[in-house]
Asks: 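I'd like to ask you about the structure that follows.
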Amino acid sequence: MTCGPGSPRSFATNYLTHHLLTRAALPLLRGAPAARVLTVGVAPALVRRLEEFAVDGVDANASGVRVLTQAVAWKLLLSRHLAETETDISAAVFHPGLIKSDLLGRQALPLRLVGSVANRFAGSTCPVADHLASRTTDLGPAGGMVDDHGRTVALPATISTANADRSWAASEALVDQLV
């Protein structure tokens with residue numbers, strides 16, 4: 001399994017960019033007081049369903065939903081890897097909650113309607129991100145996830161240290177292919 005030319009761009013956009021940016025920032029983070037890496041995740045209900053995904057690469061023929069699911073899993077594994085290997089860097093994934101956006105504004109009418117209704121209930125800021133970014137203490141479970149209210153989200157057993165190490169190595173290989 002590889003992620004090269006012809007592979008899903010959504011995986012590169014939704015995960016590999018996070019890996020590449022984090023890898024590039026590590027020298028600065030290692031020397032910074034209270035360094036942290038906060039990654040935007042998805043709704044906790046979706047995280048609980050992350051039971052099977054590829055840890056060693058990306059299937060170029062996978063469906064869009066499957067690729068996005070894998071990107072979410074690998075973001076969680078990236079956070080776990082950082083928590084396990086970088087003792088001076090705090091890492092967490094968070095769900096921002098419902099935030100006003102024009103993301104669906106240029107889509108087909110049914111999606112525009114969904115976006116319009118969602119925006120009526122959405123906030124204009126992300127309080128959990130502000131809270132996590134300004135905390136001077138730890139972010140909760142090492143390499144874990146919090147929901148939009150700051151509560152710890154239980155992660156499936158597949159988000160393990162062993163899988164985090166495997167996905168880091170696979171990510172390095174994928175980035176080397178793309179660079």
Side-chain angles (χ1 to χ4, degrees), residues 1-30 35-97 99 103 126 128-129 132-133 138-148 151-179:
M1 293 185 186
T2 62
C3 183
S7 294
R9 289 183 192 179
S10 61
F11 183 77
T13 301
N14 289 293
Y15 169 72
L16 282 179
T17 54
H18 293 274
H19 177 85
L20 190 57
L21 179 61
T22 301
R23 183 178 79 169
L26 278 176
L28 295 171
L29 292 167
R30 287 179 180 133
R36 61 195 67 216
V37 174
L38 301 175
T39 305
V40 177
V42 296
L46 297 175
V47 170
R48 291 185 198 102
R49 297 175 182 237
L50 296 176
E51 295 181 14
E52 288 188 32
F53 55 88
V55 178
D56 297 317
V58 181
D59 184 352
N61 298 315
S63 70
V65 170
R66 184 84 171 148
V67 170
L68 288 174
T69 300
Q70 186 162 342
V72 168
W74 281 35
K75 283 182 184 181
L76 291 163
L77 291 168
L78 173 63
S79 184
R80 174 63 52 94
H81 177 79
L82 291 172
E84 298 289 335
T85 61
E86 303 290 339
T87 56
D88 294 333
I89 300 172
S90 297
V93 176
F94 69 94
H95 173 52
I99 298 175
L103 182 66
C126 181
V128 71
L132 292 172
D138 72 304
L139 302 176
M145 181 175 174
V146 296
D147 67 12
D148 54 327
R151 298 177 297 221
T152 300
V153 175
L155 300 178
T158 51
I159 308 301
S160 66
T161 299
N163 281 343
D165 292 342
R166 288 175 59 199
S167 70
W168 178 268
S171 299
E172 289 290 288
L174 293 171
V175 166
D176 289 344
Q177 287 178 19
L178 296 173
V179 176

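This is a predicted model, so every value here is computed, not measured.
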Asks: To the nearest 0.5 Å, what is the distance between CD1 (Ile89) and CZ (Arg36)?
Replies: 11.5 Å
Asks: Quick one: closest heavy-atom pair of Pro96 and Gly41, and the distance?
Replies: CD-O, 4.1 Å
Asks: With rounding to the nearest 0.5 Å, note down the distance linking CD in Glu172 to CG in Leu20.
Replies: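 Spacing of CD (Glu172) from CG (Leu20) equals 9.0 Å.
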Asks: Between Leu155 and Arg80, is there a side-chain heavy-atom distance shorter than 4.5 Å?
Replies: yes
Asks: Do the non-hydrogen side-chain atoms of Glu86 and Leu29 ever get within less than 4.5 Å of each other?
Replies: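 No, side chains not in contact.
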Asks: Would you indicate whether the side-chain heavy atoms of His95 and Val153 approach each other to under 4.5 Å?
Replies: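 Of all side-chain heavy-atom pairs linking His95 with Val153, none is under 4.5 Å.
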Asks: Are Trp74 and Leu174 side-chain neighbours, meaning at least one heavy-atom pair lies under 4.5 Å?
Replies: yes
Asks: Within this structure, what is the CG-CG distance for the pair Leu82 and Leu26, rounded to the nearest 0.5 Å?
Replies: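 Here the interatomic distance stands at 6.5 Å.
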Asks: Are side-chain heavy atoms of Thr85 and Trp168 found at a separation under 4.5 Å?
Replies: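 A side-chain contact under 4.5 Å is absent here.
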Asks: Among all residues two or more places apart in sequence or in another chain, which pass the side chain to side chain donor-acceptor pair (under 3.5 Å) test with Asp165?
Replies: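 Side chain to side chain donor-acceptor pair (under 3.5 Å) list for Asp165, sorted by chain: His81.
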Asks: Where do Lys75 and Tyr15 come nearest, in terms of heavy atoms and distance?
Replies: N-CD1, 3.7 Å
Asks: With sequence neighbours excluded, what pairs up with Asp147 under the side chain to side chain donor-acceptor pair (under 3.5 Å) test?
Replies: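 Here the qualifying residues are Arg151.
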Asks: What's the separation between atom CG in Leu21 and atom OG1 in Thr39, rounded to the nearest 0.5 Å?
Replies: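 OG1 of Thr39 is found 9.0 Å from CG of Leu21.
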Asks: What's the spacing between Leu77 CG and Glu84 CD if we round to 0.5 Å?
Replies: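 One gets 11.5 Å once the value is rounded to the nearest 0.5 Å.
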Asks: Rounded at 0.5 Å granularity, tell me how far NE2 in His18 sits from OG in Ser79.
Replies: 12.0 Å
